[in-house]
Amino acid sequence: QEDGTFTYLVGMFMKANTPVPPGYAYYDIQACTIAKAWIEGEEFDIYPNAHPLTVEAINENGFVVDWSNYFACEVYTDQRFGIPKDKGQKILILDYYMPRIKK
């Protein structure tokens, strides 16, 4: 937004036409091609670096971020994030998704 704010959502991907319980909202994400990155590091180093590292990787591979259909999605999988964190591992992997298009 022009005022520096943005919408932050916590949720999950659902199939179309899934009933939405009262008190909750839904957002349609347009069909697009996404870049999927695995950002590896210590938990609190991952968060500020996931976005710039993913944008850099997109650009280095002949694509650009699709700003007209933009979203950034942090995905916390059990296998790469939750279980290792619960076991005390310091190095974790965050899945990070962004829409991309060919240059």
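Keep in mind that this is a model prediction, so the values were computed, not measured.
When all heavy atoms of Val20 and Tyr24 are compared, the closest pair comes out as CG1-O, 3.6 Å.
Tracing side-chain contacts under 4.5 Å through hydrophobic residues (I, L, V, M, F, W, Y), one never reaches Met14 starting from Tyr76; they form parts of separate clusters.
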### Task
Go through Lys36 and Asp95 one step at a time and tell me if the salt bridge (charged side-chain N to carboxylate O under 4.0 Å, His left out) criterion holds.
CA-CA 7 Å; Lys36 295 181 179 181; Asp95 291 34; over 6 Å; no
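A 4.5 Å side-chain heavy-atom check between Arg80 and Leu92 finds every atom pair outside the cut-off. No side-chain heavy atom of Ile39 sits under 4.5 Å from any side-chain heavy atom of Ile93. For the pair Gln30 and Asn69, the minimum side-chain heavy-atom distance is below 4.5 Å. Taking the side chain as every heavy atom from C-beta outward, Ile34 and Arg100 never approach each other to under 4.5 Å. Annotation: side chain of Tyr70 is in contact with side chain of Val65 (closest heavy-atom distance under 4.5 Å). Side-chain contact check for Glu43 versus Phe81: some heavy-atom pair is nearer than 4.5 Å. Residues Val75 and Tyr96 are not in side-chain contact: their nearest non-hydrogen atoms beyond the backbone lie 4.5 Å or more apart. Contact of the Phe71 side chain with the Pro99 side chain is registered, since non-hydrogen atoms from C-beta on lie closer than 4.5 Å.
Note that CD1 of Ile29 is 11.5 Å distant from OH of Tyr97, once rounded to the nearest 0.5 Å. Rounding to the nearest 0.5 angstrom, the gap separating the CD atom in Glu42 from the CD atom in Gln89 is 12.0 Å. Here the straight-line distance linking atom NZ of Lys102 with atom CG of Asp66 works out to 14.5 Å at 0.5 Å rounding.
Side-chain N or O atoms of Thr54 include one that pairs as donor or acceptor with a backbone N or O of Ala50 at under 3.5 Å. Side-chain N or O atoms of Asp45 include none that pairs as donor or acceptor with a backbone N or O of Gly41 at under 3.5 Å.
Other members of the cluster containing Ile101 are Val64, with ILVMFWY side chains joined at under 4.5 Å, either directly or via other members.
In this structure, Lys90 places its NZ atom where only 12 or fewer heavy-atom neighbours from other residues, nucleotides or ligands lie under 6.0 Å away. Taking a 6.0 Å sphere around CG of Asp3, one finds it holds more than 12 heavy atoms contributed by other residues, nucleotides or ligands.
Applying the ring-ring contact (aromatic ring centres under 6.0 Å, His included) rule to Tyr47 yields the partners Phe44; only residues at least two apart in sequence or on another chain are considered.
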